[in-house]
S.K.: 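Let me begin by handing over the structure; questions about it come next.
Residue numbers run from 1 in the order of the sequence given. Computed over heavy atoms, backbone and side chain alike; hydrogens, waters and symmetry mates excluded.
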Amino acid sequence: MTSPDLLLAGQVSQAERAAFMERFGERITDEPQDSIRYAACWGPEPGLLAKLPGLEVIFSLGAGVDHLLRDPNLPDVPIVRFVDPDLTGRMVEYVVLQCLMHLRRQRDYDESQQGKRWEQRAMPTASEVTVGILGFGTLGQACGKALQAVGFAVRGLNRSKRDVAGFETFGSEGMADFLGGTDILVNLMPATPHTEGLLNGDLIDGLRGDSPLGAPVLINAGRGASQNEDDIAHALKTGRLSGATLDVFRTEPLPETSPLWDAPGAVITPHVAAVTSPEAMARYVAGQLERLKAGLILENVVDRTVGY
Ligand code: NDP
Ligand code: OXD
């Protein structure tokens with residue numbers, strides 16, 4: 001019998017466990033032990049991974065790695081984050097849906113229908129509306145391409161001000177210009193010390209003043225730590241934002257007492273923008289281990305100095 005070498009740790013669903021069992025069989029374990037060389041985790045208990053003397057690689061069961069980096073005793077081995085067409089496709093579906101829902105005022109029509117009222121409203125077309133994507137990386141660029149295909153004007157901002165062919169691109173120093181031309185702001189930045197609390201009242205005030213949507217819209221499918229929730233609720237109540245879609249929150253599940261639940265124009269989803277298929281996750285980890293075996297380098301290794 002082979003000793004288990006792949007630990008599943010933290011919040012791992014039954015379906016994920018089953019998919020890993022199917023692919024890896026008796027290599028899988030839930031128990032920390034000396035034979036473990038790889039760990040696939042979501043939010044493992046801080047200190048747990050430090051107890052594994054033979055650990056070589058940590059796999060994040062998601063694109064974000066804030067759930068790992070918060071462990072002060074995280075072993076100094078490569079962290080591989082999840083990058084896969086399955087996850088990317090799901091995020092594209094979510095972001096395009098939300099942009100179109102706000103553009104076409106779907107929430108207002110839902111309300112009219114409930115009251116059995118036949119109410120036609122003015123709506124701009126996508127080409128009159130600019131979507132600004134804050135965090136123009138793997139997911140941001142895929143969303144940008146799909147939004148362009150629908151007809152939106154799209155701009156992106158990344159940390160390094162890398163040019164991205166086919167898009168107007170900004171770096172952090174160009175934030176004011178980026179925001180000033182943005183009608184729908186989509187956040188897809190990771191949670192890092194630099195992105196903490198960035199989606200606040202000042203940022204909202206910097207969005208396009210004469211938006212064809214009446215007032216700008218905020219969509220956050222990145223991380224809750226980037227948002228100031230009181231400022232967002234206030235902006236919705238005062239009409240500074242005409243709508244917001246929030247999938248991630250500072251505290252999850254979102255507490256019942258949060259003012260966001262019933263803020264006007266708020267669409268709340270429970271961190272489901274891109275829930276990866278367990279099979280895709282297990283396949284990805286297997287693919288990376290195959291690469292290692294073949295003497296190739298791991299892909300999508302996190303740069304701990306920048307936090308993502
Ligand atoms: P990437 O690393 O590919 O992209 C991150 C982007 O954010 C990069 O363009 C990066 O800039 C930019 N960025 C980082 N820090 C800053 C900053 N301080 N200011 C401006 N831009 C910054 O990650 P992914 O696209 O794969 O994932 C993004 C995030 O989406 C994840 O970290 C996770 O938090 C979230 N997510 C949420 C999900 C959900 O279901 N809600 C599902 C999956 C992911 P640069 O290009 O210069 O490095
Ligand atoms: C992720 C997430 O980071 O689901 O993949 O939030």
S.K.: Do T269 and L246 have side chains that approach each other closer than 4.5 Å (heavy atoms only, starting at C-beta)?
M.R.: no

S.K.: Has E119 got more than 12 heavy atoms of other residues, nucleotides or ligands less than 6.0 Å from its CD?
M.R.: yes

S.K.: Does the side chain of C143 come within less than 4.5 Å of M91's, by heavy atoms?
M.R.: yes

S.K.: Backbone N or O of A9 within a donor-acceptor pair of the W42 side chain at under 3.5 Å?
M.R.: no

S.K.: Would you mind reporting whether L48 and P32 have side-chain heavy atoms less than 4.5 Å apart?
M.R.: yes

S.K.: Give a yes or no answer on whether the side chain of Q33 reaches the backbone of E31 with a donor-acceptor pair at less than 3.5 Å.
M.R.: yes

S.K.: Under a 4.5 Å cut-off applied to non-hydrogen side-chain atoms, are I79 and V301 in contact?
M.R.: no

S.K.: How about S112 and R121: does a side-chain donor come under 3.5 Å of a side-chain acceptor?
M.R.: yes

S.K.: Tell me whether T29 contacts the main-chain N or O of L7 through its side chain, where contact means a donor paired with an acceptor under 3.5 Å.
M.R.: no

S.K.: Is it the case that S242 and H102 place a side-chain donor and acceptor less than 3.5 Å from each other?
M.R.: no

S.K.: Any ion pair linking R17 and D30 (charged N to carboxylate O, less than 4.0 Å)?
M.R.: yes

S.K.: If you measure from the Lys or Arg side-chain nitrogens to the Asp or Glu carboxylate oxygens, is any gap between D66 and R70 under 4.0 Å?
M.R.: no

S.K.: Using only heavy-atom distances, determine whether the side chains of Q114 and D110 contain a donor-acceptor pair under 3.5 Å.
M.R.: no

S.K.: What's in the same ILVMFWY side-chain cluster as L97, cut-off under 4.5 Å, chained through other members?
M.R.: M101, V267

S.K.: Does E299 reach the side chain of V83, with side-chain heavy atoms less than 4.5 Å apart?
M.R.: no

S.K.: So do V306 and T192 actually touch side chain to side chain, heavy atoms under 4.5 Å?
M.R.: no

S.K.: Do T169 and D163 get their side chains close enough for a donor-acceptor pair, meaning under 3.5 Å?
M.R.: no

S.K.: Decide, yes or no, whether a salt bridge links R250 with E196 under the criterion of side-chain N to carboxylate O below 4.0 Å.
M.R.: yes

S.K.: Cluster question for you: counting only ILVMFWY and a side-chain heavy-atom cut-off of under 4.5 Å, with indirect links fine, are F178 and V95 together?
M.R.: no

S.K.: Taking a hydrophobic cluster as the set of Ile, Leu, Val, Met, Phe, Trp and Tyr residues connected by side-chain heavy atoms closer than 4.5 Å, whether directly or through intermediates, do I28 and L61 fall within one such cluster?
M.R.: yes

S.K.: Are Y38 and M21 linked, directly or through intermediate hydrophobic residues, by side-chain heavy-atom contacts shorter than 4.5 Å (ILVMFWY only)?
M.R.: yes

S.K.: Suppose we screen for side chain to side chain donor-acceptor pair (under 3.5 Å). Which residues come up paired with D231, at least two apart in sequence or across chains?
M.R.: N228

S.K.: Could you tell me whether the side chain of Q148 and the main chain of G166 form a donor-acceptor pair under 3.5 Å?
M.R.: yes

S.K.: Do R81's NZ or CZ and the ring of Y308 fall within the cation-pi criteria of under 6.0 Å and 45°?
M.R.: no

S.K.: Is the count of non-hydrogen atoms from other residues, nucleotides or ligands lying under 6.0 Å from L296 atom CG greater than 12?
M.R.: yes

